[in-house]
2 protein chains.
Amino acid sequence: MESFKYRELQQLLKSQIIKGVFKEGDLLPSENELSSVHDMTRTTVRHALQKMEKEGYIIKKKGKGSIVNLKKKRLGLLSFKGFSEVIGSSDEQVSNEILVGPVLQNWPNDFFYELGEEELSTDVYYLCRLRSVNEHVVMLEHTYIPNFGLEDFEKRVLINGSLFSTMVIDYQIEVTSMDQEVRAIKPDKITAKLLNVDKTDPILHAYRKYGTSKEGFFFYSSLFFNTKDYAIGSYFQ
Amino acid sequence: MESFKYRELQQLLKSQIIKGVFKEGDLLPSENELSSVHDMTRTTVRHALQKMEKEGYIIKKKGKGSIVNLKKKRLGLLSFKGFSEVIGSSDEQVSNEILVGPVLQNWPNDFFYELGEEELSTDVYYLCRLRSVNEHVVMLEHTYIPNFGLEDFEKRVLINGSLFSTMVIDYQIEVTSMDQEVRAIKPDKITAKLLNVDKTDPILHAYRKYGTSKEGFFFYSSLFFNTKDYAIGSYFQ
DNA sequence: TTTTTAAGCTTGTATATACAAGTTAGAGTT
DNA sequence: AACTCTAACTTGTATATACAAGCTTAAAAA
């Protein structure tokens with residue numbers, strides 16, 4: 001583990017944000033305060049904050065401060081959009097049901113991404129989750145996480161129901177990239193039933209490969225979306 | 001126009017990259033060279049380069065230099081991925097047919113995004129394009145561009161067949177954000193015929209709103225994808 | 001010839017400092 | 001009570017400097 005001052009501050013602030021020490025809309029301590037408290041120059045503090053802004057954790061405002069920003073622009077996160085309103089900020093109810101808890105198993109045959117030798121030599125955590133918005137099922141996700149030193153992963157409870165948050169806080173692994181393939185398909189029988197759609201209804205399918213800050217560590221998802229009630233919204237900048 | 005040293009360098013390098021002074025894979029001059037040539041500290045040069053890296057124009061490598069990077073990660077750009085190979089880098093043939101050239105017209109009724117008063121008070125350029133890969137039709141795109149001082153837009157030829165490049169070079173307008181809504185749908189009769197799919201085949205649909213560097217200037221697209229032969233690939237970091 | 005080493009390039013991290021410019025709250029005025 | 005303006009905060013831009021660490025190449029050693 002390389003250890004740089006700016007990186008340590010970054011990790012600290014990030015975990016504080018995720019843990020709720022600083023909440024959505026809060027101001028972080030000022031750059032001057034952070035620099036004196038953590039005994040580093042403001043330049044170093046700014047370096048840390050710039051990285052965090054780039055990753056979407058905060059928004060910096062001149063003359064104001066650094067504002068905590070959790071809902072937007074997190075990498076690979078897709079927000080569900082209603083036809084007129086955005087979900088999450090309003091009073092929509094989002095639920096996250098784990099159908100199959102993290103279980104250690106072998107890799108499936110004909111896996112959807114090509115795997116490296118190291119990956120193939122380990123077993124893999126499989127996780128199946130169902131997401132709903134206002135009682136409407138919108139997403140079915142199959143996740144595959146290689147068992148590279150994830151201690152007691154099957155015993156962890158997902159923080160905020162989020163795999164990403166859990167990885168950052170419990171394992172200091174940051175998701176840094178995402179590669180995705182999207183298609184419109186007709187659902188198979190089981191998927192149709194779980195998503196509560198007719199077998200003639202078109203659904204959306206995505207294969208994903210996530211890259212992380214841990215060298216050589218990737219994890220994978222196969223996702224099915226019901227876009228009848230809610231479209232998939234995404235925002236890039 | 002605010003004028004900062006780092007911003008001037010940024011603009012200069014960007015335009016040099018787009019004009020081809022520095023090509024894909026080239027190394028930019030080193031930070032020390034840039035700092036002495038343009039009479040600024042390396043810190044200021046680094047500030048400019050960091051912004052450019054964030055925008056995807058370059059990739060910085062420690063010990064190596066700043067590498068020009070045009071093909072990847074440009075905002076809102078979706079690459080088409082074959083089931084095994086990526087298109088564009090290999091010898092796949094991509095064609096871009098304009099079905100309806102830029103024509104000035106009124107806004108359609110019930111437009112898919114809510115429009116501002118200023119936008120509604122102008123007319124709009126409509127553009128309909130069909131993209132194919134190896135004779136397979138993969139995308140149908142309807143684009144709507146408000147006529148905010150776009151001189152002679154209907155006479156322009158799209159640079160590299162790209163609307164984005166044309167806007168940057170001919171009008172100095174940079175696309176800075178993209179908001180998108182995606183659904184899986186059954187095609188209507190006309191769309192099915194254009195995309196060369198059966199009317200029972202699921203296709204992918206997206207509404208898009210693009211934000212630009214020009215205050216208050218947005219443009220819009222409605223896109224239909226045939227994902228039977230090629231999935232939609234995207235990569236984020 | 002092959003390998004090792006070192007020098008000289010590159011970017012990355014960090015300190016110390018100064019002034020510019022946006023925001024806000026309170027003292028003083030009207 | 002309502003207003004103005006200043007003082008004190010905030011982040012943004014910029015300089016000058018130093019050393020660390022990754023990459024490349026060419027000289028030196030095996």
Side-chain angles (χ1 to χ4, degrees), chain A residues 1-14 16-17 22-69 172 174 176 213-216 237, chain B residues 1-14 16-17 22-69 176 213 215 237:
Chain A
M1 295 303 127
E2 27 176 16
S3 136
F4 296 113
K5 281 188 142 184
Y6 85 91
R7 191 160 271 286
E8 282 169 16
L9 177 59
Q10 200 187 337
Q11 292 284 358
L12 175 68
L13 291 174
K14 259 191 229 177
Q16 286 180 329
I17 288 175
F22 304 113
K23 288 160 200 154
E24 181 71 34
D26 282 2
L27 285 175
L28 292 186
S30 76
E31 295 177 351
N32 281 316
E33 192 175 337
L34 288 172
S35 74
S36 69
V37 168
H38 297 94
D39 191 38
M40 50 179 76
T41 39
R42 189 158 80 91
T43 312
T44 306
V45 172
R46 283 180 64 76
H47 193 179
L49 294 182
Q50 264 155 25
K51 294 270 184 186
M52 291 181 63
E53 187 178 30
K54 192 178 164 185
E55 294 168 25
Y57 284 90
I58 56 172
I59 293 172
K60 303 190 81 186
K61 298 268 190 194
K62 186 173 179 176
K64 193 84 186 295
S66 298
I67 304 165
V68 175
N69 167 257
Q172 286 78 50
E174 188 97 23
T176 55
S213 52
K214 192 175 173 185
E215 179 72 20
Q237 63 179 173
Chain B
M1 294 297 136
E2 27 176 17
S3 136
F4 296 113
K5 281 187 141 186
Y6 84 91
R7 192 159 272 285
E8 282 169 17
L9 177 60
Q10 200 187 335
Q11 293 287 358
L12 176 68
L13 291 174
K14 255 192 230 176
Q16 286 180 330
I17 288 175
F22 303 113
K23 287 162 200 153
E24 181 71 35
D26 282 2
L27 286 175
L28 291 187
S30 77
E31 295 177 352
N32 281 316
E33 193 175 336
L34 287 172
S35 75
S36 69
V37 168
H38 296 96
D39 190 38
M40 49 180 77
T41 36
R42 189 157 81 91
T43 312
T44 306
V45 172
R46 282 180 64 75
H47 194 12
L49 294 181
Q50 265 156 23
K51 294 271 183 182
M52 291 181 63
E53 187 178 31
K54 194 177 165 186
E55 295 169 25
Y57 284 90
I58 57 172
I59 293 172
K60 303 190 82 186
K61 297 268 190 193
K62 186 174 180 176
K64 194 82 187 294
S66 299
I67 304 166
V68 175
N69 167 257
T176 55
S213 53
E215 179 74 19
Q237 64 179 172

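So that the names make sense, note that chain A is the first sequence line, chain B the second, and so on, each numbered from 1.
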### Query
Looking only at atom types and distance, does a side-chain atom of Lys5(A) sit under 3.5 Å from a main-chain N or O of Asp39(A), one as donor and one as acceptor?
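Side chain of Lys5(A) to backbone of Asp39(A): a pair is present.
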
**Item:** Glu53(B) side-chain N/O to Lys60(B) backbone N/O, donor-acceptor pair under 3.5 Å
**Value:**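 It does hold such a pair.
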
Item checked: Nucleotide dG22(D), atom P - distance to CD1 of Ile67(B) in whole Å ->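 Rounding to the nearest Å, CD1 of Ile67(B) and P of dG22(D) are 16 Å apart.
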
Quiz prompt | Between dT10(D) (P) and Leu34(A) (CG): distance, integer Å | solution =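 About 10 Å, once rounded to whole Å.
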
To the nearest 0.5 Å, what is the distance between [atom1] on [X] and [atom2] on [Y]?
X	Y	atom1	atom2	answer
Ile17(A)	Leu12(A)	CD1	CG	10.0 Å
Thr44(B)	Leu9(B)	OG1	CG	9.5 Å
Lys54(B)	Lys54(A)	NZ	NZ	8.0 Å

Each nucleotide of nucleotides 9-18 of chain C classed B (base within 4.0 Å of a protein heavy atom), S (only sugar-phosphate) or -, in 5' to 3' order, makes -BBBBSBB-B

